[in-house]
Amino acid sequence: MHAHDRTDGVADAAQTADSSAEKRHSPESRSSVDPLLRVPGVGVRAAAIAALIANVVIIATGGLVRLTGSGLGCDTWPKCTPDAFTTTPEQGIHGLIEFGNRTLSGVMLIIALWGLIAVYRGARRRRDLITLAWVQAAGIIVQAVVGGMVVLFHLTWNLVGFHYLLSIVLVAFMAVFAVRAHAPGGPRARAVRLPTLILTHVMTLVLAVTVVVGVFATGSGPHSGDPSEVVRTGFDAEFVYHVHAWSGYVLFALTLVVVVLSLREYVGFRKWVVALVCVQIVQIVVGVTQARLHLPGSLVLVHMVLAAVLTAAAVATVLALKRPTSEVDGDAAGRPAGAIA
């Protein structure tokens, strides 16, 4: 009897252990995980994606303002005319285009408010997401003021260029917002080899230089934003175009090397590098085509928007250099199989 009792006790203990293991992997157990280590809910993720898309879209509408010569469609700020906040029939299509672009700032503020509410309700322990949500709101206000200065100073190239660069910076921050909103919080560790890490950062630096030179190229070209006399850079446009192209080719070459290095890295990093090189190929084709066709406005607009998309892809690639420490430790231990590239 005693031996039988001991056997039953061992069996009960084993059953209890199995039951505990099942509970650890059950939905109820996962719900008790530290909120900081959970992926935020769909509301936060949707708000972050909307923020990224909106900041790319407003680059497109801002480019449309410049490329249609509507930069002074509303000739003052914050009003559209000295007597009205809205456009008037006398301002024609240029007034409608500029006023429409200004109206989007209101939509952007609504999206920013959505982001703040979503983060405070669904991820209040994620300081990174809270900071990024506030960056979005503050960035929209700063951009509105800079846009007003662009009008008040009659579209000088340096203010117009700063306006665009600020938009690119906001796209970069919103790309961080979108990527981090789809990942758990907590500590992160390097997930790639050192050469890959270094070259990826060098590639990103060259991308930043390429975008800045692109601003000088646009400031030296024909699309000033208004048919009237607008102050340009004064540089030789052809030379600036060539410098911009050279930096773009260097960027593409570096990206190809990163693609090769990524073949030895985990799949999450590799997919972003592939996306990055695909966007670059399209951007190069558009850039070369617009140069040969003498800068048609439609292709210049596509080129501007692709620069924003390229920035977002580069940011996602840089963020993929690190992963949550639990995933990195899991790979180091050889588990699970699905997490290994």
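Residues take their numbers from the sequence shown, with the count starting at 1. Being a predicted model, the structure only gives us computed values, none of them experimental.
Between Thr218 and Met304, every side-chain heavy-atom pair lies at or beyond the 4.5 Å cut-off. Two residues are said to be in side-chain contact when any heavy atoms from C-beta on lie closer than 4.5 Å; Phe269 and Thr196 meet this criterion. In this structure, the side chains of Val107 and Ile111 come closer than 4.5 Å at one or more pairs of heavy atoms. Counting only heavy atoms from C-beta outward, the side chains of Phe85 and Phe99 never approach each other to under 4.5 Å. In this structure the side chain of Arg102 reaches within 4.5 angstrom of the side chain of Trp77, judged on heavy atoms. For the pair Val56 and Val305, the minimum side-chain heavy-atom distance is below 4.5 Å. For the pair Ile281 and Phe252, the minimum side-chain heavy-atom distance is below 4.5 Å.
Gln91 contributes a side-chain N or O that, together with a main-chain N or O of Gly73, makes up a donor-acceptor pair within less than 3.5 Å. The backbone N or O of Val192 sits less than 3.5 Å from a side-chain atom of Arg190, completing a donor-acceptor pair.
Of the N and O atoms on the side chains of Gln143 and Ser105, not one donor lies less than 3.5 Å from an acceptor on the other residue. Counting only N and O atoms by type, the side chains of Ser262 and Glu265 include no donor and acceptor under 3.5 Å apart. Judged purely by distance below 3.5 Å, without hydrogens or angles, the side chains of Thr156 and Asn158 pair a donor atom with an acceptor atom.
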Q: Let me see the working for Gln280 and Leu310 under side-chain contact (heavy atoms from CB on, under 4.5 Å), right down to the final yes or no.
A: CA-CA 7 Å; Gln280 284 187 38; Leu310 187 60; 3.4 Å; yes

Q. Stepwise, does the side-chain contact (heavy atoms from CB on, under 4.5 Å) test hold for Met203 with Thr200?
A. CA-CA 5 Å; Met203 175 195 69; Thr200 300; 4.0 Å; yes

(Q) For a side-chain contact (heavy atoms from CB on, under 4.5 Å) check, start with the C-alpha distance between Arg323 and Tyr266, then their side-chain angles and the critical distance, and finish with the verdict. (A) CA-CA 10 Å; Arg323 300 167 72 188; Tyr266 78 103; 3.3 Å; yes

(Q) Please determine whether side-chain contact (heavy atoms from CB on, under 4.5 Å) holds for the pair Met108 and Ile58, giving the CA-CA distance in whole Å, both sets of side-chain angles, and the decisive distance to 0.1 Å. (A) CA-CA 9 Å; Met108 300 280 289; Ile58 204 163; 3.9 Å; yes

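Taking CG from Leu96 and OG1 from Thr88, the interatomic distance works out to 9.0 Å, rounded to the nearest 0.5 Å. From Leu256, atom CG reaches atom CG of Leu261 across 11.0 Å, with rounding to the nearest 0.5 Å. Atoms OG1 and CG, on Thr76 and Asp83 in that order, are 10.0 Å from each other to the nearest 0.5 Å. A distance of 6.0 Å separates CD1 in Ile53 from CD1 in Ile49, rounded to the nearest 0.5 Å. Once rounded to the nearest 0.5 Å, the distance linking CD1 of Ile284 with CG of Leu306 reads 11.5 Å.
When all heavy atoms are compared, the tightest approach of Arg188 to Pro324 is NH1-CD, 3.8 Å. Contact detail for Ala178 and Ala48: the closest heavy-atom pair is CA-CB, 3.7 Å. The two residues Ser167 and Ile59 have their closest heavy-atom pair at CB-CG1, 3.6 Å.
Here disulfide bond (SG atoms under 2.5 Å apart) pairs that include residues 69-129, with residues two or more places apart or in two chains, are Cys74-Cys80. Note on residues 177-218: no pairs pass disulfide bond (SG atoms under 2.5 Å apart), not counting sequence neighbours.
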Tell me which donor-acceptor pairs under 3.5 Å the side chains of residues 236-246 have, and how far apart each pair is, sequence neighbours excluded?
from	atom 1	to	atom 2	distance (Å)
Asp236	OD2	Phe239	N	2.9
His244	ND1	Thr210	O	3.1
His244	ND1	Gly214	N	3.4

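Transitive grouping of hydrophobic side chains (ILVMFWY, heavy atoms separated by less than 4.5 Å) keeps Ile110 and Trp114 in distinct clusters. One hydrophobic cluster holds both Leu197 and Val257 under the rule that ILVMFWY side chains link at heavy-atom gaps under 4.5 Å. Residues Val279 and Met174 share a single hydrophobic cluster, defined by chaining ILVMFWY side chains whose heavy atoms lie under 4.5 Å apart. Taken together through direct or relayed side-chain contacts under 4.5 Å among Ile, Leu, Val, Met, Phe, Trp and Tyr, Leu104 and Leu109 form part of one hydrophobic cluster. Hydrophobic clustering (side-chain heavy atoms under 4.5 Å, transitive across Ile, Leu, Val, Met, Phe, Trp, Tyr) groups Val202 together with Leu251.
For Arg193, the CZ atom is densely surrounded, since the number of other residues' heavy atoms within 6.0 Å is greater than 12.
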